[in-house]
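Written out below as structure tokens is the structure these notes cover.
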Amino acid sequence: MYLSRVVVDLNGLSRGTLFEIMGGGAYGAHQLLWRLFPDHQGPRPFLFRQEMEEPEGGGAPRGLPLFYVLSDREPVPVSGLLQAQCKRFSPALEVGDQLAFRLRANPTVAKSAAGERGRRADVLMAAKYPFEAGKARTSQACTEAMDHAARGWLAERAESWGFRLPAEPEVGAYRQHALPKEKGRSIRFSSVDYEGLLEVSDPGRLIETLTQGIGRAKAFGCGLLLLRRP
């Protein structure tokens, strides 16, 4: 596996793609990053997360697209468009290790009715629904209900992904995304950002989680679990 930091030369983008990516457009970013793997045919070989500014100490100008990409093969930089700084990804984890993490995920649950195939439901929208439209949905109580639902979704699944949460994570930006229409209907999904501390409970399972990603919408910038030693 390879973990890469990918920056974009904005002069190499079309105007439309530039505006879409600068606005956090998941589909445009997905299509752009495929260009790092020109000879690959088959299932998507990477997970990614988009940031819009360089972390402290970096050299990229603030506000420009920056991607973290985890892939099962080394990406190939695209001259005049994509620069990639990559390193081998082979984490050494032990039970009890505590690591700082960041995650952008698409929290959903399966909802099924008698005789019908289960559909995916947005966990945060479900928490928001009981509040009446208008001021109630921008209230502190509604925000807290949504944050509680987001934390619960992650905590309930953490052990199955090889870790536990010794403290409640911070819940950040909640966004709604719209993708190009497919078969005449719009495709929408949501994402929420988490940041906090996790404790390794099953190293092998956590490494599998890192490589496979968490949750759904992984093709569109969700699911990449970023770890670092505190």
Side-chain angles (χ1 to χ4, degrees), residues 1-93 97-105 163 172-173 175 177 191 193-198 200 203 206-215 217-230:
M1 300 292 291
Y2 293 86
L3 182 60
S4 305
R5 174 182 172 277
V6 179
V7 294
V8 180
D9 182 345
L10 300 185
N11 294 322
L13 290 177
S14 69
R15 188 179 181 87
T17 301
L18 169 60
F19 287 155
E20 181 183 357
I21 291 175
M22 291 293 285
Y27 184 77
H30 164 82
Q31 293 293 92
L32 178 66
L33 294 175
W34 261 108
R35 298 185 64 173
L36 294 167
F37 308 96
D39 299 324
H40 176 71
Q41 295 184 358
R44 172 181 40 79
F46 64 92
L47 299 167
F48 76 94
R49 175 181 172 123
Q50 179 174 344
E51 302 287 354
M52 294 307 293
E53 60 180 40
E54 175 70 4
E56 186 177 350
R62 291 175 61 84
L64 297 183
L66 168 71
F67 299 95
Y68 294 101
V69 179
L70 182 65
S71 57
D72 66 5
R73 64 206 64 211
E74 188 170 3
V76 179
V78 181
S79 179
L81 182 60
L82 296 172
Q83 302 173 27
Q85 298 176 346
C86 62
K87 61 182 179 181
R88 287 277 188 177
F89 180 73
S90 54
L93 303 175
D97 282 353
Q98 292 198 339
L99 305 165
F101 78 90
R102 287 191 296 151
L103 169 68
R104 179 167 297 144
F163 62 91
R175 302 180 182 91
H177 306 264
S191 68
D193 289 350
Y194 297 90
E195 186 168 351
L197 188 71
L198 64 76
V200 179
L206 179 52
I207 289 174
E208 183 178 343
T209 297
L210 292 171
T211 58
Q212 294 184 354
I214 284 177
K218 290 181 283 194
F220 302 111
C222 294
L224 176 56
L225 182 63
L226 295 170
L227 302 178
R228 64 174 177 81
R229 301 283 175 181

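Only this structure's heavy atoms are used, side chains among them; waters, hydrogens and symmetry mates stay out.
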> How are the rings of Phe48 and Phe46 set relative to one another: parallel (under 30°), tilted (30 to 60°) or perpendicular (over 60°)?
Replying inline: tilted
If we only count heavy atoms from C-beta on, is the [X] to [Y] side-chain gap below 4.5 Å?
X      : Y      : value
Arg73  : Phe37  : yes
Asp193 : Leu103 : no
Leu93  : Leu206 : yes
Ser191 : Arg104 : yes
Val8   : Pro65  : yes
Leu70  : Phe89  : yes
Leu3   : Cys86  : no
Val6   : Tyr68  : no

Shortest non-hydrogen contact from [X] toward [Y]:
X      : Y      : result
Gly42  : Trp34  : O-CH2, 3.9 Å
Tyr194 : Ala105 : CE1-CB, 4.1 Å
Arg5   : Leu66  : CG-CD1, 3.6 Å
Leu210 : Pro91  : CD1-CG, 4.2 Å

If you look only at distance, which donor and acceptor atoms sit under 3.5 Å apart when one is on a side chain in residues 218-230 and the other is two or more places apart or in another chain?
residue	atom	partner	partner atom	Å
Lys218	NZ	Gln212	O	3.1
Arg229	NH1	Asp97	OD2	3.3
Arg229	NH2	Ala92	O	3.0

> Quick one: do the Tyr2 and Arg88 side chains pair a donor with an acceptor below 3.5 Å?
Replying inline: yes
>> Rounded at 0.5 Å granularity, tell me how far CG in Leu33 sits from OG in Ser4.
In response: 10.0 Å
>> Which residues pass the salt bridge (charged side-chain N to carboxylate O under 4.0 Å, His left out) test with Arg44, not counting sequence neighbours?
In response: none
> Sequence neighbours excluded, which residues qualify as ring-ring contact (aromatic ring centres under 6.0 Å, His included) partners of Phe163?
Replying inline: none
>> Using salt bridge (charged side-chain N to carboxylate O under 4.0 Å, His left out), reason through Glu51 and Arg102 one step at a time and then give a plain yes or no.
In response: CA-CA 12 Å; Glu51 302 287 354; Arg102 287 191 296 151; 2.9 Å; yes
